[in-house]
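Values below: every heavy atom of this structure, side chains too, minus hydrogens, waters and symmetry copies. By convention here, the first residue in the shown sequence is residue 1. Being a predicted model, the structure only gives us computed values, none of them experimental.
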Amino acid sequence: MTSSGGGVQRPEYLLTCVAPDMATPSPVTPETPFEPSKPPVIEGFSPSIYSNPEGFKEKFLRKTRENPMVPIGCLGTAAALTYGLYCFHRGHSQRSQLMMRTRIAAQGFTVAAILLGLAASAMKSRP
């Protein structure tokens, strides 16, 4: 065992196990320069499953075709809310209360449609 400066004893094999090529590191140059505006290129990996990015309209239409009950429930909720507020403004309290209850039912329908759509999607993707 050898001692170094402060009286600490180190085994000799720790002092001699440095690889000779590690003493002078070589600079690493990437094949292509990194551009922060573009995603990194990884062989065999595509960041999107779609070849072209879809816009809002295309995505909305695709999701509506996959589960048409969700937009129907959303429209029903909005219609019941709007008509209920109109009746409240006109002073028809009984009809306004009925429309608020209808709105709650439409919201429940929408949530159930979302959950059933998720369950169907999960079952479809299973092998």
Side-chain angles (χ1 to χ4, degrees):
M1 291 211 185
T2 61
S3 70
S4 62
V8 178
Q9 299 213 351
R10 295 185 187 156
E12 289 179 17
Y13 64 86
L14 286 180
L15 297 175
T16 59
C17 65
V18 176
D21 61 352
M22 296 294 286
T24 57
S26 63
V28 177
T29 56
E31 293 176 16
T32 59
F34 176 71
E35 294 183 34
S37 63
K38 295 182 180 177
V41 177
I42 301 171
E43 186 179 338
F45 176 75
S46 174
S48 175
I49 60 171
Y50 304 107
S51 60
N52 58 347
E54 60 184 346
F56 175 78
K57 183 179 177 182
E58 292 86 13
K59 185 174 182 178
F60 179 78
L61 291 174
R62 179 176 55 85
K63 293 283 189 178
T64 300
R65 274 186 247 114
E66 288 176 5
N67 193 357
M69 292 299 149
V70 174
I72 291 170
C74 290
L75 289 174
T77 302
L81 176 64
T82 303
Y83 187 61
L85 289 174
Y86 173 76
C87 291
F88 180 74
H89 178 69
R90 290 286 187 185
H92 301 257
S93 61
Q94 290 287 6
R95 172 123 343 151
S96 176
Q97 285 291 319
L98 177 66
M99 287 297 107
M100 290 303 114
R101 291 185 184 114
T102 304
R103 176 187 60 87
I104 297 297
Q107 282 178 317
F109 175 81
T110 305
V111 170
I114 291 170
L115 292 176
L116 288 174
L118 285 173
S121 175
M123 294 299 237
K124 185 190 293 185
S125 66
R126 277 190 172 173

[X] side chain vs [Y] backbone, donor-acceptor pair below 3.5 Å:
X	Y	result
Thr102	Leu98	yes
Gln97	Gln94	no
Thr110	Val70	no

With Glu54, the salt bridge (Lys or Arg N to Asp or Glu O under 4.0 Å) member among Arg62, Lys59, Lys63: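 Single pass found, and it is Arg62.
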
Least distance between heavy atoms, Ala113 atom then Asn67 atom: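 Taking Ala113 first and Asn67 second, the nearest heavy atoms are O-ND2, 3.0 Å.
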
For Gly84 against Met100, the heavy-atom pair lying closest together: CA-CE, 3.6 Å

Distance in Å, Leu61 CG paired with Glu58 CD, rounded so as to fall on 0.5 Å steps: 7.5 Å

Gap separating the OG atom of Ser96 from the OH atom of Tyr83, nearest 0.5 angstrom: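 Spacing of OG (Ser96) from OH (Tyr83) equals 10.0 Å.
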
Name of the residue among Arg101, Gln107, Met99 meeting side-chain contact (heavy atoms from CB on, under 4.5 Å) with Arg103: Gln107

